[in-house]
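One-based numbering along the sequence shown.
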Amino acid sequence: MTIDGETHELPRAVARQLHDDLGDALCQRTEFFRTVSEYRENGSYRVSRRAGSSSGNAKVFQRFEELERLYDRLPETFTATDVDKSGITGSRRHLLVRHVAEQPAFDCRITRRNPLTVKKA
């Protein structure tokens, strides 16, 4: 490791702990009521159903900011049909509507269950 132009030896045990701590910081899984978010080591952000195990129950974004941009483009009150306009289809549309309502980074809430409707605050 180089500090102020000088090379310093980092003990292997310290390097291993630093590596493990960094990996834990980069990978974070949070379970909400119906959805799960996962920040992955490669920087991607995965949204999935809590009880789902198939790929149809998940959507992966290259970065969390990609989901933020999608959210910003949605109208003040939106449904799965509005998410469908972004090219996300099938059950993933409802998954994302539920997820943005549960994820604290998005200031919105579910206002109707049928059809599933979210209103931004």
Where is the tightest heavy-atom contact between F32 and P104, given as atom of each residue plus distance?
CE2-CD, 3.6 Å

Could you note down all residue pairs passing side chain to side chain donor-acceptor pair (under 3.5 Å) where residues 96-107 supplies at least one of them, sequence neighbours left out?
T35-H99, T35-E102, Y45-H99, Y45-Q103

Heavy-atom nearest pair, N42 first then S44, reads OD1-OG, 2.7 Å

Is it the case that more than 12 heavy atoms not belonging to E65 sit under 6.0 Å from its CD atom?
yes

Heavy-atom distance under 4.5 Å between the side chains of L70 and L96, does that happen here?
yes

L116 and I110, any side-chain heavy atoms less than 4.5 Å apart:
yes

Would you say that T30 contacts Y39 through its side chain, given a criterion of any heavy-atom pair below 4.5 Å between the two side chains?
no

Please find the pair of heavy atoms, one from V60 and one from R46, that lie closest to each other, and give the distance.
CG2-CG, 3.8 Å

Could you tell me whether the side chain of K120 reaches within less than 4.5 Å of the side chain of F106, counting heavy atoms only?
no

Salt bridge (charged side-chain N to carboxylate O under 4.0 Å, His left out) contacts in which one or both residues fall within residues 69-83, not counting sequence neighbours:
D82-K85

Distance from D84 atom CG to R92 atom CZ, nearest 0.5 Å?
12.0 Å

Look up atom NE2 in H94 and atom CZ in R34, then write down how far apart they are to the nearest 0.5 Å.
12.0 Å

State, with a plain yes or no, whether a side-chain heavy atom of N57 is found less than 4.5 Å away from one of L95.
no

Using atom types as modelled and distance alone, determine if a side-chain donor or acceptor of R63 lies under 3.5 Å from a backbone N or O of G43.
yes

Test of understanding: with side-chain hydrogen bond (donor to acceptor under 3.5 Å, both in side chains), list the residues that count as partners of Y71, not counting sequence neighbours.
none

How long is the gap from CZ on R40 to CD on Q62, to the nearest 0.5 Å?
10.0 Å

Step by step, would you call V97 with T79 a side chain to side chain contact (heavy atoms under 4.5 Å, CB included)?
CA-CA 7 Å; V97 171; T79 66; 6.0 Å; no

Short side-chain to backbone donor-acceptor contact, R29 and V36, under 3.5 Å
no

How long is the span from the CZ atom in R93 to the CD1 atom in I88, to the nearest 0.5 Å?
10.5 Å

